[in-house]
Peer 1: 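Sharing a structure below in structure tokens format, with a few things to ask.
Whatever order the structure lists ligands and atoms in, that order sets their numbers, starting from 1.
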Amino acid sequence: MSMYNETVIEHFSNPHNVGDMENPDGEGVYGSPVCGDMMKIMIRVDENDVITDAKFKTFGCGSAIASSSIATDMVIGKTIEDALTVTNKQVLDALGGLPAIKIHCSVLADHAIKSAIYDYAKKRGKTYKGLEGFDPDADEEDTHHGCDMETALPEHLSDL
Ligand code: FES
């Protein structure tokens, strides 16, 4: 039996929001301190502070791809403030869970989204509740070590 549930497999096999975005309003790149994999997230934000689009590219495993797929789905259509309230646990719950050794892969998506919002806020000179003290270069607290690189789809791996 697979260690992954059907939702995770579906988001890995047919990920949403993969790709590039021209002139994003915010962009965040994060490298996992656990496995060294990288995630890049780009967001488009309208004049009402609503995230109208989000895209991701990753040098990451299947769990990172599935997490990014569902996490970008979850923030599209939300205001920046609401997007900042999305927790890593909510992403994991929406995925139906990940094996403990793979939790750190979902942190990649979470941190990269926050970094993209941080970049947007900095460019626009805005401040948001939920970004106080956020450091895009800081490592997220993470105790789950497991660095087996799994098969990733080729289009996720191009020019980060
Ligand atoms: Fe590196 Fe999953 S993101 S092992």
Peer 1: Show which atoms of ligand 1 fall inside a sub-4.0 Å distance from at least one heavy-atom site of L108.
Peer 2: 3 (S)
Peer 1: Determine, for D20 against K57, whether the closest basic-nitrogen to carboxylate-oxygen distance falls under 4.0 angstrom.
Peer 2: yes
Peer 1: Taking both backbone and side-chain atoms into account, decide whether C61 has an N/O/S atom under 2.8 Å from atom 2 (Fe) of ligand 1.
Peer 2: yes
Peer 1: Could you tell me whether ligand 1 has any atom less than 4.0 Å away from a heavy atom of M39?
Peer 2: no
Peer 1: Rounded to the nearest 0.5 Å, how far apart are CG of L95 and CD of E6?
Peer 2: 13.5 Å
Peer 1: Would you mind running through ligand 1 and noting each atom that sits below 4.0 Å from a heavy atom of A64?
Peer 2: 3 (S)
Peer 1: Under a 3.5 Å threshold, yes or no: a donor from one side chain and an acceptor from the other, between Y128 and D49?
Peer 2: yes
Peer 1: Under the salt bridge (Lys or Arg N to Asp or Glu O under 4.0 Å) test, which residues partner K78, sequence neighbours left out?
Peer 2: none
Peer 1: Would you be so kind as to tabulate the donor-acceptor pairs closer than 3.5 Å made by side chains of residues 131-138, with sequence neighbours excluded?
Peer 2:
{"residue": "E132", "atom": "OE1", "partner": "G130", "partner atom": "N", "Å": "2.8"}
{"residue": "D135", "atom": "OD1", "partner": "D137", "partner atom": "N", "Å": "2.9"}

Peer 1: Does any N, O or S atom of C105, backbone or side chain, fall under 2.8 Å from atom 1 (Fe) of ligand 1?
Peer 2: no
Peer 1: Taking just the N, O or S atoms of D37, which one is nearest to atom 1 (Fe) of ligand 1?
Peer 2: OD2
